[in-house]
Amino acid sequence: MAGRTILEFYPFDFDYINTPEGRAIIRVFGSTKEGKKIVVLDGSIQPYFYVIVNAERSDVALAQALRLKVKTEERIVQPVKVEILKRNLVGAPVTVLKIFVQTPSDIAVLKDEVKTLPGYMDRAESDINFYKRYMIDKEIVPLSKIRVEGEEVDHKGRYNADYVINAEKMEDLGEETISAPHILAFDIETYNPIGTPRMDTDPILMISFASNKGYEKVVTWKKFHNAPDYVEFVDSEMDLINKFVEIMRKEKPDILLGYNSDNFDFPYIIARANKYKIKLDFAIDHSNIKMAKKGRDVIARITGIIHVDIYPFVVNMLAPTMRTEIFSLDSVAEELIGEKKKEGVSWENMHTLWDAGGESLRKMVEYNLHDSKLTLKLMNTLSKTMFELTKLVNQPLFDVSRMTYGQCVEWFLAKRASKFLEIIPNKPIVTGTWSRTYEGAYVHPPKPGIYDNIVVYDFRSLYPSIIISHNICPTKLFCECCKDGNKTPETDGKTYSYCKREKGFIPTVLEDLINRRARIKEMLKKIDKGDEDYSILSARSYALKTIANAMYGYFGFAKSRWYSIECAASVTAWGRHYIKQVIADAEKAKFNVIYGDTDSIMLSLEGKTVGDANMFAEKVNKKLPGIMELEFQGFYPRALFVAAKKKYALADEKGRITIKGFEFVRRDWSRIAKETQMAVLNALLIEKSEDNAVKIIKNAINKLKAGEVKIEDIVIYTQLTKKVEHYDSIGPHVAAVIKAQKLGLKFEPGQIIKYIVTKGEGSISDKSYILKEYLDKGLEYDSEYYINNQVLPAVERIFEVLGYEKDELKGKVQTKLAGFFK
DNA sequence: CCGATT
DNA sequence: AACGGCTAATCGG
């Protein structure tokens, strides 16, 4: 068995172990193209961290660093090697000691001890995880094919893998990404007589699996007749958990997929497994599944198997661009892949179905399997984006799938810093009121009205292009060589200057991103949309754009390693400068500027042609520096602007309406109000009929009065952002929660509250009830509230544009509805 | 009615 | 563990 081996494989999980001698060995887990499991052991890199020292005393510091010794319970910890190097710390030249140690935990032991070194100034990179360090320094790109050369190890019993190799050489083979990883999705259902299931008393009822290799299964412990083939009955919850472990060992997926599995499925399974003393040791190295802390959340890690929880990815990366109100599997799947939920079963009635047994159980297993299949399908559409982001950020998929924008940017920069001899700065220690503010974007006041023929231009990637064109970088701020060069416009009464001679680290890597994206866009034009390459390249383009756009926000975020409020303020200062300049130029050229926001400008043509406008834009572009560019965004035959900023509707030539800012796009409005508003906008912009618009409002009011609305039409969604007792002001959703808590229902911060305003006495809060309580008690909704506080306000502002006074619309509807208003 | 909170 | 600008409803004194 053992012997020299060369293998090509896709690495996807990384950690380290210590040898009996106390040396750190990196473990790389991956799969070959044929799906064989591989573990690579690599002892070629040594853990280290930096100590920044006074340049004049660095020799003394070095000598003393070599003599450092700390006695711990197990052994004596000391540096194994120390080098003196010249590096930069956010642009400033520094002298550093690079202190190598035996094992990563030695860093924690020595990091305070080094403060005694002569000329000590600071330490750096002592908080970079060893496996992250390995990926950065060895330039191992996750999910991207590499060749390993080394000795095959006899690993009987140590690993549930096909190959274990002691690496001598690792070589990246370029861009080829893992093409067909084995993905297994799972989902559990639990007993929940009081709403939220309780881990200590309520059992797991069933567990489902669905894989991209066609495997489908539901395991449950209550029998019913003529069960579908995919159902496997066991005798008890204990047997169900044992079966779960057995299936995981046998299936050995590359990726294990869940939806909210970090916060729900795994903590639950672990708690129930503990009760029966079952070991969840299906990892590739037979270790138990581990729950780790990540900020306020917990995450479930399985060595050698990538546990991907789709939920945090959706919330962190996709939520801002999504329309859904709630991030349940059902609504997310509906928006992203157009799949509707299974009728008849819901989270709330799970325990009743289980108790009923028989046919109800059939519904339950179908529902349970459906959820695993939905999760798998979601991954089908998201995996390419996730994989591309993972390669770009250069961290394990396990980590990247849980990262926020800020974290993605940070690791993207960390990976590239060393090429510029830049040390990765420490995380700022942020206490108290840490969000210092600075002046943001400019919003040009809208001219309210309904217009024909509007053209929209925007600056292509405004903030990234400003960072690049004006060399905005914390490493080049107030540089020695050109202190007065490249001054920003005034912002908060100050100006900042950036080096003219040398390009900064961040503008350089950002420009590389933008250039790569431009090349991909060119390639995409030449490929067929159905092509496999097309989806990969568009995912790559999306990943590049995401990171580029997040760079500005990263500057302004106080917990960033490269935090720079000066850079953030400089970016918005230039942004205001350019948009104001374009607005002034457009007015000079006799265009009617209707509105502008941050990076966009909207012009009413009023006799001029689109060609005239394009000629104007061309003239603007000739003046713009660097890669900055004003781009034609669209022509709209009809548009509506209200008196408020950030609220408008555009109708394109195909009759499609784009809506910004209106209640229609907000979740804290009832559907009846939003749909009425949408229909009214449609009547005004497309049908061009005020009469129809009034009729639509009349219909909505009639339906509300007659009780003909569906329950979904009157539910209002609002997020519970903190614990109920921490609220200063009790809004309707909080008041509804307080009432429901008295019935024993449980709520957690972050949860989206569904409530309804009912008939009765008192304030709106007094009359608000959680949907469940509303249904259980058969309460009656307050049609007056939905008419006067939802439907009418949503349309009144639109009618003001048509010259109606505040209450005039109400009057107009009233005359058509005589008798309805008192 | 108005500032604070959401 | 991304920014600021902005609107609007509702609470609560």
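Note: hydrogens, waters and symmetry copies are ignored here, and every other heavy atom, side chains too, is used. Each chain gets a letter, A, B and so on, in the order the sequences are listed, and its residues count up from 1.
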> How does protein contact run along nucleotides 6-13 of chain C, one letter per nucleotide 5' to 3', with B for base contact, S for sugar-phosphate only, - for none, heavy atoms under 4.0 Å?
Replying inline: SSSSSSS-

Show me the side-chain donor-acceptor pairs of residues 398-414 of chain A shorter than 3.5 Å, one per line, residues at least two apart or across chains.
from     : atom 1 : to       : atom 2 : distance (Å)
A/Asp399 : OD1    : A/Tyr131 : OH     : 3.4
A/Asp399 : OD2    : A/Tyr131 : OH     : 2.9
A/Ser401 : OG     : A/Leu397 : O      : 3.0
A/Ser401 : OG     : A/Phe398 : O      : 3.1
A/Arg402 : NE     : A/Asp262 : OD2    : 2.7
A/Arg402 : NH1    : A/His307 : O      : 2.9
A/Arg402 : NH1    : A/Phe398 : O      : 2.9
A/Arg402 : NH2    : A/Asp262 : OD1    : 3.2
A/Arg402 : NH2    : A/Asp262 : OD2    : 3.3
A/Arg402 : NH2    : A/His307 : O      : 2.8
A/Arg402 : NH2    : A/His307 : ND1    : 3.3
A/Thr404 : OG1    : A/Gln407 : N      : 3.4
A/Thr404 : OG1    : A/Gln407 : OE1    : 3.1
A/Tyr405 : OH     : A/Met317 : O      : 2.8
A/Gln407 : OE1    : A/Thr404 : N      : 2.8
A/Glu410 : OE1    : A/Tyr554 : OH     : 2.2
A/Glu410 : OE1    : A/Arg561 : N      : 2.9
A/Glu410 : OE2    : A/Arg561 : NE     : 3.3

>> Over all strands shown, is A/Lys722 touching base, sugar-phosphate only, or nothing at heavy-atom distances under 4.0 angstrom?
In response: sugar-phosphate

> Contact class for A/Tyr727 vs. all strands (heavy atom < 4.0 Å): base, sugar-phosphate, or nothing?
Replying inline: sugar-phosphate

> Among pairs that include at least one residue of residues 724-741 of chain A, which meet side chain to side chain donor-acceptor pair (under 3.5 Å), considering only residues two or more places apart or in two chains?
Replying inline: A/Thr721-A/Tyr727

> If each of A/Ser560 and A/Gly440 is mapped to the nucleotide of DNA chain C with the nearest heavy atom, which maps nearer the 5' terminus, i.e. the 5' end?
Replying inline: A/Ser560

>> Restricting to side-chain contact (heavy atoms from CB on, under 4.5 Å), what partner residues turn up for A/Val642, sequence neighbours left out?
In response: A/Leu640, A/Ala644, A/Lys647, A/Phe662, A/Arg797, A/Val801

>> Taking only the P atom of each, what is the distance from B/dT6 to C/dC6 in whole angstrom?
In response: 22 Å

> Taking OH from A/Tyr552 and P from C/dC3, how many angstroms apart are they, rounded to a whole number?
Replying inline: 9 Å

>> Could you tell me how far apart A/Tyr563 (OH) and C/dC3 (C1') are, to the nearest whole angstrom?
In response: 11 Å

>> How close do A/Leu603 and A/Ile594 get, counting heavy atoms only, and between which atoms?
In response: C-CG1, 4.4 Å

> Tell me: CG of A/Leu413 to P of C/dA2, nearest whole Å?
Replying inline: 15 Å

> With sequence neighbours excluded, what pairs up with A/Asn394 under the side-chain hydrogen bond (donor to acceptor under 3.5 Å, both in side chains) test?
Replying inline: A/Lys415

> Are the side chains of A/Phe459 and A/Ile601 in touch, meaning some heavy atoms are under 4.5 Å apart?
Replying inline: no

>> Applying a 4.0 Å non-hydrogen cut-off, can you work out what A/Tyr438 is touching in the nucleic acid: base, sugar-phosphate, or nothing?
In response: sugar-phosphate

> In whole angstrom, what separates A/Arg561's CZ from C/dA2's P?
Replying inline: 15 Å

> Are A/Glu761 and A/Lys767 ion-paired here, with the side-chain N under 4.0 Å from a carboxylate O?
Replying inline: no

>> One pair to check against salt bridge (charged side-chain N to carboxylate O under 4.0 Å, His left out): A/Arg576 and A/Glu439. What are the steps and the verdict?
In response: CA-CA 10 Å; A/Arg576 292 191 300 274; A/Glu439 198 178 340; 3.4 Å; yes

> Any stems for DNA chain C, made of 3 or more Watson-Crick or G-U pairs in a row, each with both distances under 3.5 Å?
Replying inline: B:1-6 with C:8-13

> What is the distance from CG of A/Asp297 to P of C/dA1, rounded to the nearest Å?
Replying inline: 7 Å

>> Counting the atoms with a prime plus P, OP1 and OP2 as sugar-phosphate, which does A/Gly556 contact under 4.0 Å by heavy atoms, base, sugar-phosphate, or nothing?
In response: sugar-phosphate

> To the nearest Å, how far apart are A/Gln407 CD and C/dA1 P?
Replying inline: 7 Å

>> Rounded to whole Å, how long is the line connecting atom CD1 of A/Ile547 with atom P of C/dC3?
In response: 16 Å

> Are A/Glu422 and A/Arg416 close enough, and set up right, to give a salt bridge (charged side-chain N to carboxylate O under 4.0 Å, His left out), and what steps lead you there?
Replying inline: CA-CA 9 Å; A/Glu422 282 285 340; A/Arg416 285 148 184 89; over 6 Å; no

> Is it true that the NZ or CZ of A/Lys487 lies under 6.0 Å from the centre of A/Tyr496's six-membered ring and within 45 degrees of the ring axis?
Replying inline: no

> Which whole-number value in Å describes the distance from A/Asp597 CG to C/dG4 C1'?
Replying inline: 11 Å

> For C/dA2, does OP1 or OP2 lie under 4.0 Å from any side-chain N or O of A/Thr404?
Replying inline: yes

